[in-house]
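Remember, predicted model here, so these are calculated numbers, not experimental data.
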Amino acid sequence: MSPESATVGGRTALLIVDVQNDFCPGGALAVPGGDLVVAALNRHIAVAVARGVPIYASRDWHPRVTSHFQPYGGLWPVHCVQGTAGAQFHPDLRLPASVIVVTKGEDPGRAGYSVFEGRTGEGNSFAKDLLERKIDRLRVGGLATDYCVKASVLDALSAGLDVTILGDAIAGVDVEAGDSDRAISEMRDAGARVESQ
């Protein structure tokens, strides 16, 4: 399915997951090749803008002290702390002024992997915002395939949404070799389509 045909009807949204400095090379929790998704995402953004399709961008926005971080018993090094340069979107990501930012990871007791745990600037949950905009299809790209992308896609599918993963616009951490491939298989098995270009 082409990006153009996927957006006909106006009930599709583009979701860009966590393309932030700390997840890109040089960041505190760099995804290998994390910055390589930016060019592909910019192409998808351009199509969405041309079609008037809503664009969401999720961001990790952790407090300095959270059980998500290694110093406090978590899995990950300190990353995407609220208000820091590492938490900013990648500077080459061409987000339009109309982008709907969904902030997640603010609860110090939760990992906040899924965009469905986040809220918009107006305080809406992601699910409520989709409902209000009558969105029932998501096109998803971003970081990281095996964590926040996977959690967001699986939650979207559980909520009854139609999901297409942008295969040219995702990259994974791969803490264990093959984690990203396994995540893609899990998302496919749950009902997502993977579009490669």
Does the side chain of Asp60 come under 3.5 Å of the side chain of Gln20 through a donor N or O and an acceptor N or O? no
Looking only at heavy atoms, the pair that brings Ala190 and Leu154 closest together is CB-CD2, 3.7 Å
Please find the pair of heavy atoms, one from Gly86 and one from Cys80, that lie closest to each other, and give the distance. O-SG, 3.9 Å
In a check of side chain to side chain donor-acceptor pair (under 3.5 Å) between Asn124 and each of Arg133, Glu132, Arg119, which one passes? Glu132
Non-hydrogen atoms of Gly141 and Leu166 that approach each other most closely: N-CD1, 4.2 Å
With side chain to side chain contact (heavy atoms under 4.5 Å, CB included) as the criterion, how do Thr145 and Met187 come out once you've worked through the C-alpha distance, each side chain's angles and the decisive distance to 0.1 Å? CA-CA 10 Å; Thr145 306; Met187 290 185 282; 4.2 Å; yes
Rounded to the nearest 0.5 Å, what separates atom CZ in Arg51 from atom CG in Leu14? 14.0 Å
Shortest non-hydrogen pair, Ala171 vs Gly34, comes out as CB-CA, 4.5 Å
Are Val65 and Trp61 connected into the same hydrophobic cluster when the rule is that any two of I, L, V, M, F, W, Y join if their side-chain heavy atoms are below 4.5 Å apart? no
At what distance, to the nearest 0.5 angstrom, does OG of Ser125 lie from CG of Leu131? 9.0 Å
State, to 0.1 Å, how close Leu157 and Gly191 come at their nearest heavy-atom pair, and which atoms those are. CD2-C, 3.9 Å
Between the OG atom in Ser180 and the OH atom in Tyr147, the distance rounded to the nearest 0.5 Å is 9.0 Å
Can you find a heavy atom in the side chain of Gln82 that is under 4.5 Å from one in the side chain of Thr103? no
Kindly indicate, with the supporting measurements, whether the criterion side chain to side chain contact (heavy atoms under 4.5 Å, CB included) is fulfilled by Ile16 and Phe89. CA-CA 10 Å; Ile16 298 165; Phe89 292 115; over 6 Å; no
Do Val17 and Val163 belong together in a cluster built from hydrophobic side chains that touch within less than 4.5 Å? yes
Does a donor on one side chain sit under 3.5 Å from an acceptor on the other, for Asp129 and Tyr56? yes
Quick one: closest heavy-atom pair of Gly112 and Glu117, and the distance? CA-OE1, 3.4 Å
What's the verdict on side chain to side chain contact (heavy atoms under 4.5 Å, CB included) for Ile100 and Ile55, showing C-alpha distance, side-chain angles and the deciding distance? CA-CA 6 Å; Ile100 304 153; Ile55 299 170; over 6 Å; no
Are Lys104 and Tyr113 close enough that some pair of their side-chain heavy atoms sits under 4.5 Å apart? no
Just wondering, do Asp162 and Arg193 contact through their side chains at under 4.5 Å, heavy atoms? yes
Neighbour count >12 (heavy atoms, 6.0 Å) for atom CZ, Arg94: no
Angle between ring planes, His62 versus His68, binned at 30° and 60°: parallel, tilted or perpendicular? tilted
Tell me, do Pro32 and Asp174 make a side-chain contact under 4.5 Å, heavy atoms counted? no
Any Val173 side-chain heavy atom under 4.5 Å of Asp179 side chain: no
When you measure from the side chain of Asp22 to the backbone of Ala28, do you find a donor-acceptor pair of N or O atoms at a distance under 3.5 Å? yes
I'd like to know if the side chain of Ser196 and the backbone of Gly167 have a donor-acceptor N/O pair within less than 3.5 Å. no
CG (Leu36) and CG (Asp168) are apart, to the nearest 0.5 Å, by 11.5 Å
Take Phe69 and Val81, measure what side chain to side chain contact (heavy atoms under 4.5 Å, CB included) needs, and give me the verdict at the end. CA-CA 10 Å; Phe69 293 161; Val81 171; 4.0 Å; yes
So CG of Leu15 and OG1 of Thr164: to nearest 0.5 Å the spacing works out to 12.0 Å
Grouping I, L, V, M, F, W and Y whenever their side-chain heavy atoms are under 4.5 Å apart, do Val99 and Val53 come out in a common cluster? no
Flag the pair Arg139 and Glu195 as a salt bridge only when some basic side-chain nitrogen lies within less than 4.0 angstrom of an acidic carboxylate oxygen. yes
Do Arg188 and Ile165 have side chains that approach each other closer than 4.5 Å (heavy atoms only, starting at C-beta)? no
If I take atom OG1 from residue Thr66 and atom CH2 from residue Trp76, how far apart are they, to the nearest 0.5 angstrom? 13.5 Å
What about Leu41 and Phe23, same hydrophobic cluster or not, with Ile/Leu/Val/Met/Phe/Trp/Tyr joined at side-chain heavy-atom distances under 4.5 Å? yes
Do any N or O atoms from the side chain of Ser58 and from the backbone of Asp18 form a donor-acceptor pair under 3.5 angstrom? yes
Are Val149 and Val19 grouped together when hydrophobic residues (ILVMFWY) are joined by side-chain heavy atoms under 4.5 angstrom apart? no
Can any side-chain N or O of Ser98 pair as donor or acceptor with the backbone N or O of Pro54 at less than 3.5 Å? no
Sub-4.5 Å side-chain heavy-atom contact between Cys24 and Leu143: yes
Would you say Arg182's side chain and Ala177's backbone share a donor-acceptor pair under 3.5 angstrom? yes
Is the shortest side-chain heavy-atom distance between Ile170 and Val194 below 4.5 Å? no
